[in-house]
Amino acid sequence: MTTKVPHPAALPRNVSRRGFLGGFAVLVVAVRLPSAEAGGVTTSPPHLTAFVSIAADGATTFVLPASEMGQGVCTALAQLIAEELDADWAKVVVHTGEGVEFRRSLGPGYTMQVTGGSTSIPVWRGPLRRAGATARDLLVRAAAARWSAPPGSLTTASGVVSHPDGRTVSYGELAEEASRLRPSRNPPMKPPGTDRIVGTSVPRNDLRAKVTGTAQFGVDVRIPGMLRACTVACPVFGGRVKSVDDVAARAIAGVRDVLVFGDFVAVVADTWWPAKRGVEALNITWDEGANAAFDSAAVSASLRAGLDSPRPFVGRKEGKGAAGWPPEEVISADYEVPYLDHAPMEPLNCTVHIQAERCDVWVGTQVQTMVLQAAAKATGLREEQVFVHTPFLGGGFGRRGNNDFVEQALAIAVRVNAPVHLLWTREEGIRHGFYRPAFAGRLRARVASGGVTGLHVRVAGDNILHRYLPKLLQGLPLAQELPMEGLLHTSPYAFADVLMEGVLTDLPVPIGFWRSVSHSYTAFFVESFLDEIAARLGKDPVDLRRSLIGDSHARFRAVLELAVEKAGWGKATAGAFQGVALHESFGSICAQVVELRMQNGLPRIAKVTAAVDCGPVVNPDVVRAQIMGGTLFGLSEALGARIDFRAGRVVQSNFHDYPLLRMKDAPPVEVHIVDNPTGTIGGIGEIGTPPIAPAVCNAIFAATGRRIRSLPILPALARGSA
Amino acid sequence: MKFVVNGTSVDVSVPGDTPLLWVLRDHLDLTGTKFGCGMAQCGACTVHLDGRAIRSCVTPVVEVSGRAVRTIEGLADGEQLHPIQEAWIAAAAPQCGYCQSGQIMSAVALLAAVPSPTDADIDAALSPNLCRCATYPRIREAIHRAAARMRDAG
């Protein structure tokens with residue numbers, strides 16, 4: 001991902017303000033990340049901006065710096081700013097941001113606006129609290145001036161400033177005066193332990209819109225005169241259009257045009273249905289290119305060859321590594337996971353309106369800045385002339401961090417003299433993903449005299465970062481560590497000997513960031529293999545973990561103990577079996593205990609008990625929802641989903657052959673939060689996903705003695721071998 | 001083509017094989033009903049046809065000629081939400097929210113037919129509706145909650 005690093009001299013001031021909308025919204029506060037304030041050169045996290053504005057009637061508008069894709073940021077981030085502002089929560093209105101506004105408030109020093117990596121709360125907690133405090137301080141000083149009172153004598157609550165003598169004035173009445181004051185660089189902040197909005201389960205502010213059908217997603221954007229487009233890209237990655245017979249497509253009523261691009265063809269129509277029928281009626285000859293014979297067997301062969309590579313990258317080595325282990329003391333197992341698609345419920349779509357001096361893009365995106373740059377490039381306009389509007393995202397999970405569908409929409413719009421709404425079919429979405437990469441793992445342990453003293457993990461697969469980094473930087477350790485997330489410093493287990501290795505493969509499949517990224521397979525590998533070790537040693541899986549958690553990872557103990565206590569570890573109901581897993585990702589730790597029973601050879605999961613430590617909690621109910629959702633998202637993939645290739649093409653195409661979890665198979669997920677208000681704050685959106693596959697597989701092993709070493713589980717069980 | 005949507009008669013001129021979903025979304029501007037798969041696999045497009053839950057993405061509009069269609073926009077009575085919508089809010093069921101119109105329409109049809117559904121009834125009626133955010137446990141809770149309230153209200 002490219003990040004524009006501002007020159008320190010070009011940075012705007014920490015806090016800036018301006019009135020806008022002719023006094024309607026009169027107090028506006030913008031904020032920047034601390035790293036940017038200090039002029040520090042950072043590539044991650046990216047620098048973002050946010051607004052709060054207060055209108056004369058007290059309406060407090062908060063413009064979201066992150067995209068709302070279900071994870072609850074439109075509520076939780078608003079809580080942060082409202083807390084320090086002492087806002088009247090009932091008057092807080094959240095605008096799901098128009099990305100360009102953030103950039104415009106900051107001048108030339110902006111970098112990336114991006115939502116991903118479970119960073120929204122950890123990255124924004126400080127800046128948004130400070131923005132709220134800055135606004136509150138301005139309001140208090142405005143009231144102090146009005147009353148000729150010392151600012152320190154005044155108090156605030158729920159959008160009102162109070163004088164000791166009982167006089168009060170509302171924020172709305174003060175906003176105009178406050179906007180003329182100079183913001184303080186060090187506004188007073190609330191002392192710890194005095195929060196009244198942060199830390200409480202205020203209801204999500206998007207619920208009513210989402211139960212009445214009025215929430216606007218990208219797919220619902222309607223511009224007067226808008227045409228609809230549907231596209232089909234070469235089914236073989238890297239292939240091109242050779243020729244197109246579009247006679248039948250053009251004969252369909254409502255079809256306006258057929259446009260041919262390098263690797264895809266678009267049909268443009270008055271409404272979407274004829275556009276889609278037009279695509280089906282096209283007779284396209286493809287130049288399939290170099291990957292026409294690629295298939296899933298080639299994936300497995302490449303990953304297995306990677307496991308045997310003589311030149312792995314060493315990500316972590318302790319003690320003697322894996323050297324000198326006596327063969328009779330070594331246990332070893334190979335694991336494998338397939339490619340996976342994000343499959344958000346809202347099919348990919350993008351609306352573009354190009355005018356003489358202006359381009360508007362409406363898109364559910366996780367990367368507004370990349371959209372902005374792509375639009376400027378496609379239209380030849382300056383970035384200041386591009387306006388990116390972010391409606392609700394009908395799921396993201398990393399897929400909407402890619403710009404491919406946006407670039408298609410822009411290319412079409414450049415050639416069509418009208419606003420254009422591009423909507424992909426589900427089939428196009430599944431066949432042209434940026435998939436979670438397939439990975440293999442070889443795990444080895446040294447076990448002797450009742451204990452385990454060494455762990456050696458080697459993983460092999462493609463590196464997502466290679467899409468974003470020039471070749472020269474791909475070999476840097478930091479880049480090579482990405483596919484090994486979860487195996488390095490965040491792993492809680494201590495062994496005398498540790499060796500963690502990565503081998504890079506080079507497969508012709510587009511890959512990308514998928515909810516929990518590399519943790520999705522490293523947790524499966526390690527947490528499954530720990531149970532293999534426990535079985536070899538005749539130890540209880542929880543006891544083995546207790547004995548291995550290192551002193552520097554004490555936080556993990558509390559999480560594990562909370563999960564096993566609440567689940568009643570060792571006390572499963574008759575005929576049911578339990579499995580456990582523990583993993584840290586994105587700064588938070590999650591332990592899960594699965595209880596299941598086998599019915600006709602298939603697992604029926606009765607319940608999942610999860611414990612999580614994410615440090616301070618902004619909204620407990622959102623945390624519980626995210627752990628529940630993240631867990632069941634992971635269960636979906638653990639059970640049945642995979643992307644395969646045959647003749648260079650993705651085999652799967654829709655939900656009939658890319659099966660996701662349904663109501664009848666969804667167990668209750670009980671979530672317990674470790675009380676850790678002073679700890680380091682971590683992410684929450686992706687944390688539930690990694691532990692579920694190993695927890696389920698460990699429970700299946702407890703029930704059947706069968707070890708599942710390749711996902712998804714159901715086909716592995718059906719094959720009758722692990 | 002004439003039919004009734006949310007109590008209002010409409011007349012659209014489209015080919016009869018056009019799916020009802022696209023007539024609702026692109027011709028009648030009722031965008032609460034969502035497109036998810038186009039082959040009755042995900043339930044995002046669920047609406048009621050004469051009170052029964054159907055997948056509008058595979059229902060040619062000719063089939064609804066002269067009949068009554070109800071969409072998510074037709075559930076609330078002005079500002080007064082349907083008890084199921086209220087239960088959905090109380091359970092904080094939605095995350096991304098995209099599938100929820102379809103989930104709610106399936107739940108309304110279920111409760112109309114089975115006022116006190118068991119978990120097995122919910123499994124049967126709601127399993128056609130996918131939720132990628134996997135909000136299923138809260139949807140189940142919301143349905144039980146709404147059923148209890150609707151029973152109490154008589």
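The sequence lines fix the lettering, A, B, ..., with proteins before strands; numbering per chain opens at 1.
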Euclidean distance, Leu207(A) CG relative to Glu86(B) CD, rounded to 0.5 Å: 12.5 Å

Side-chain heavy-atom pair Ser127(B), Asp665(A) within 4.5 angstrom cut-off: no

Max heavy-atom pair count under 4.5 Å with chain A, selected residue of Leu130(B), Ile139(B), Ile72(B): Leu130(B)

Side-chain donor/acceptor of Asn654(A) to backbone N/O of Cys37(B), under 3.5 Å: yes

Any side-chain heavy-atom pair of Pro94(B) and Val211(A) under 4.5 Å: yes

Contact class of His82(B) relative to chain A, heavy atoms under 4.5 angstrom: neither

Gap separating the CE atom of Met39(B) from the CZ atom of Arg426(A), nearest 0.5 angstrom: 11.5 Å

Ring-face cation of Arg132(B) near Phe633(A) (centre distance under 6.0 Å, axis angle within 45°): yes

Residue selection (most heavy-atom pairs with chain A, distance under 4.5 Å) from Ala125(B), Gly97(B), Cys42(B): Gly97(B)

Side-chain heavy atoms of Tyr136(B) within contact of Pro667(A), under 4.5 Å: no

Side-chain donor or acceptor of Thr31(B) paired with backbone N/O of Asp220(A) under 3.5 Å: no

Carboxylate-amine/guanidinium proximity below 4.0 Å for Arg138(B) and Asp621(A): yes

Which portion of Pro128(B) sits near chain A, non-hydrogen atoms under 4.5 angstrom: backbone

Chi angles and distances behind the side chain to side chain contact (heavy atoms under 4.5 Å, CB included) call for Arg228(A), Asp26(B): CA-CA 10 Å; Arg228(A) 324 293 170 110; Asp26(B) 285 0; 2.9 Å; yes

Contacting moiety of Leu660(A), where chain B heavy atoms sit under 4.5 Å: both

Portion of Pro344(A) that has a non-hydrogen atom of chain B nearer than 4.5 angstrom: backbone

Salt bridge present between Glu79(B) and Arg208(A) (N-O < 4.0 angstrom): yes

Atom group of Ile122(B) that falls short of 4.5 Å from chain A, counting heavy atoms: both

Cationic N near anionic O, under 4.0 Å, Asp123(B) to Arg662(A): no

Gln95(B) vs Gln626(A) side-chain heavy atoms within contact, under 4.5 Å: yes

Among the listed options Leu75(B), Leu81(B), Leu126(B), the residue most often paired with chain A at heavy-atom distances under 4.5 Å: Leu81(B)

Check: Gln100(B) side chain, Lys210(A) main-chain N or O, donor-acceptor pair, under 3.5 Å: no

Top contributor to chain A contacts, counting heavy-atom pairs under 4.5 Å, from Gly38(B), Ala92(B), Gly36(B), Pro15(B): Gly36(B)

Rounded distance (nearest 0.5 Å) linking atom CH2 of Trp22(B) with atom OG1 of Thr271(A): 9.0 Å

Close side-chain approach of Arg277(A) and Thr18(B), heavy atoms under 4.5 Å: no

Polar side-chain atom of Arg25(B) near backbone of Val219(A) as donor-acceptor pair, under 3.5 Å: yes

Contact winner vs chain B - Arg515(A), Gln216(A), Lys276(A), Met69(A), heavy-atom pairs under 4.5 Å: Met69(A)

Side chain, backbone, both or neither of Glu427(A) within contact of chain B (heavy atoms, under 4.5 Å): side chain

Smallest separation among heavy atoms of Ser101(B) and Gly213(A), with atom names: OG-CA, 3.9 Å

Leu423(A) versus chain B, the contacting section by heavy-atom distance below 4.5 Å: side chain

Distance (rounded to the nearest 0.5 Å) between Cys96(B) SG and Met345(A) CE: 8.0 Å

Residue, of Ala625(A), Ala215(A), Gly254(A), that accumulates the most heavy atom pairs under 4.5 Å with chain B: Ala625(A)

Residue pair Lys34(B) / Phe217(A), side-chain heavy-atom distance below 4.5 Å: yes

Any Pro347(A) side-chain heavy atom under 4.5 Å of Tyr98(B) side chain: yes

Contact class of Asp206(A) relative to chain B, heavy atoms under 4.5 angstrom: side chain

Proximity breakdown for Asp119(B) and chain A, heavy-atom pairs closer than 4.5 Å: neither

